[in-house]
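Here the structure comes first, spelled out in structure tokens, and everything after it is commentary.
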Amino acid sequence: MSVTGQLSQAFSSIGLVRNVVCPARLPRFACDTLRLCCPRHSRLHRRCGHRRPVAAIGAGTLSKTLQTSSDAVHGAPWLIVGLGNIGARYDGTRHNVGFLVLDTLARKLGVSLNKAQDKAFQARGTIAGQQVILAKPITFMNLSGEAVGKLTRYYKVPPQQVLVVHDDLDLPTGKVRLRAKGGHGGHNGMRSIVQHLKGSQDFPRLKIGIGRPSGQLPVSSFVLQAFDKKDAVEIDIAVQECCDIIQAIMTVGLEKALSGVRA
């Protein structure tokens with residue numbers, strides 16, 4: 001393929017073509033780019049009708065643009081979902097630690113999680129230059145996937161950029177664990193999400209341990225109890241750790257964050 005063809009294909013694939021072509025038959029964005037580094041194209045540009053540039057990049061980044069434009073997730077936001085049950089009666093309960101992390105993260109970002117859309121309270125923000133969408137499903141825990149599925153389709157978020165924060169019975173209280181993928185582990189909210197992501201388990205998750213009940217207390221009752229004072233201290237520390245991990249994912253990437261690198 002010619003250089004012109006490569007440029008057209010590259011800029012088209014990242015959504016920057018405006019269906020306006022110059023005499024060299026390049027899209028406007030490419031025209032403005034070449035005008036910076038190609039004298040011949042500068043002469044053509046004077047009569048191509050592109051009076052105001054849409055954007056411009058230096059010649060040094062031109063080859064990089066051609067190489068990365070085929071990346072399907074380039075520019076896609078991250079969807080950060082905290083799981084829980086909606087309603088004041090569930091505030092501070094073990095099953096709602098995902099909500100607690102999202103509320104804390106929203107405060108740190110200076111955004112408000114009070115806009116209800118697509119079955120979730122949501123807000124948009126930026127972490128380390130990466131666009132993020134924070135979401136708290138309002139479907140109740142066992143139907144969380146209904147909200148997550150809608151949000152991924154609406155914002156065009158690939159599964160590998162859906163980070164789910166949730167409680168975990170199999171981890172000691174306050175223990176935090178980041179995983180790149182995996183099964184639902186018996187968690188009904190996670191089971192629903194897998195179902196609504198067309199069976200995909202290839203999405204990262206951030207787990208917060210809540211321990212298991214002692215004695216004969218059913219799990220269904222245990223997860224809806226509030227933390228005692230001792231456990232509440234551990235959970236507060238875990239929530240801050242989760243926010244640090246999320247910051248690291250957006251700053252250094254998931255792979256490095258999984259290895260323990262923090263921003």
Side-chain angles (χ1 to χ4, degrees), residues 79-106 113-114 116 118-122 134-152 159 162-243 245-246:
L79 176 61
I80 304 174
V81 182
L83 300 189
N85 288 306
I86 200 71
R89 62 176 291 195
Y90 300 108
D91 290 347
T93 61
R94 291 178 171 87
H95 226 13
N96 271 40
V97 291
F99 276 10
L100 186 57
V101 171
L102 265 287
D103 289 337
T104 303
L105 185 60
L113 273 166
N114 58 10
D118 294 322
K119 298 187 177 185
F121 284 121
Q122 55 181 284
L134 311 184
K136 293 166 52 177
I138 55 177
T139 55
F140 287 98
M141 179 67 80
N142 293 359
L143 300 175
S144 299
E146 293 182 5
V148 175
K150 281 180 172 288
L151 289 166
T152 56
V162 178
L163 175 64
V164 181
V165 187
H166 67 91
D167 59 294
D168 193 307
L169 285 161
D170 294 324
L171 293 176
T173 300
K175 176 71 173 178
V176 176
R177 182 170 292 169
L178 175 65
R179 288 290 181 264
K181 58 184 178 179
H184 55 70
H187 192 289
N188 288 331
M190 293 294 284
R191 180 184 283 111
S192 176
I193 291 172
V194 169
Q195 177 187 348
H196 286 271
L197 291 181
K198 300 180 180 179
S200 174
Q201 299 180 0
D202 296 334
F203 57 92
R205 63 284 313 272
L206 191 51
K207 307 176 182 183
I208 304 176
I210 60 171
R212 281 193 172 271
S214 57
Q216 302 299 314
L217 182 66
V219 167
S220 58
S221 299
F222 175 74
V223 298
L224 297 181
Q225 286 184 345
F227 293 101
D228 60 30
K229 290 184 178 180
K230 177 178 176 297
D231 286 347
V233 172
E234 297 294 329
I235 291 300
D236 285 345
I237 295 171
V239 167
Q240 296 303 320
E241 183 180 352
C242 286
C243 291
I245 291 173
I246 293 169

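Side chains are part of it too, since the values below use all heavy atoms of this structure and drop only hydrogens, waters and symmetry mates.
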Quick one: pull up [atom1] in [X] and [atom2] in [Y] and give me the separation to the nearest 0.5 Å.
X	Y	atom1	atom2	result
Ile80	Ile246	CD1	CD1	5.0 Å
Lys119	Ile86	NZ	CD1	14.0 Å
Thr93	Ile210	OG1	CD1	8.5 Å
Thr173	Asp168	OG1	CG	11.0 Å
Leu102	Cys243	CG	SG	8.5 Å
Phe99	Asp167	CZ	CG	11.0 Å

All ring pair (Phe, Tyr, Trp, His ring centres under 6.0 Å) counterparts of His187, not counting sequence neighbours: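 With sequence neighbours excluded, His187 shows a ring pair (Phe, Tyr, Trp, His ring centres under 6.0 Å) to His95, His166, given in chain and number order.
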Main-chain N/O of Gly189 paired to Ser192 side chain as donor or acceptor, under 3.5 Å: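 Side chain of Ser192 to backbone of Gly189, a donor-acceptor pair under 3.5 Å: no, none is there.
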Side-chain (Asn85) to main-chain (Met141) donor-acceptor, under 3.5 angstrom: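 Flag set: sc Asn85 to bb Met141 pair under 3.5 Å.
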Under-4.0 Å salt bridge between Lys136 and Asp103: yes
Side-chain donor-acceptor pairs under 3.5 Å in residues 201-209, sequence neighbours left out?
unit_1	atom_1	unit_2	atom_2	d
Arg205	NE	Phe203	O	2.8
Arg205	NH1	Gly182	O	3.2
Arg205	NH1	Gly183	O	3.0
Arg205	NH2	Gly182	O	3.1
Arg205	NH2	Gln201	O	3.2
Arg205	NH2	Phe203	O	3.2

Contacts of Gln240 that satisfy side-chain hydrogen bond (donor to acceptor under 3.5 Å, both in side chains) - sequence neighbours left out: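 Residues passing side-chain hydrogen bond (donor to acceptor under 3.5 Å, both in side chains) with Gln240: Lys108.
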With Thr104 via side-chain hydrogen bond (donor to acceptor under 3.5 Å, both in side chains) - residues at least two apart: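 Partners of Thr104 by the side-chain hydrogen bond (donor to acceptor under 3.5 Å, both in side chains) criterion, ordered by chain and then number, come out as Arg107.
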Minimal non-hydrogen separation, [X] against [Y], with atom names:
X	Y	answer
Val176	Cys242	CG1-SG, 3.9 Å
Ala147	Pro137	CB-CB, 3.8 Å
Ala135	Leu151	CB-CD1, 3.6 Å

Tell me which donor-acceptor pairs under 3.5 Å the side chains of residues 226-235 have, and how far apart each pair is, sequence neighbours excluded?
unit_1	atom_1	unit_2	atom_2	d
Asp228	OD1	Lys230	N	3.3
Asp228	OD1	Asp231	N	2.7

Return a table of donor-acceptor pairs under 3.5 angstrom between the side chains of residues 211-225 and protein atoms on other chains or two or more places apart.
unit_1	atom_1	unit_2	atom_2	d
Arg212	NE	Asp170	OD1	3.1
Arg212	NH2	Asp170	OD1	2.9
Gln225	OE1	Arg94	NH1	3.4

Single hit among Leu143, Ile193, Asn142, Leu83 for side-chain contact (heavy atoms from CB on, under 4.5 Å) with Asn188: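 For Asn188, the side-chain contact (heavy atoms from CB on, under 4.5 Å) check succeeds only for Asn142.
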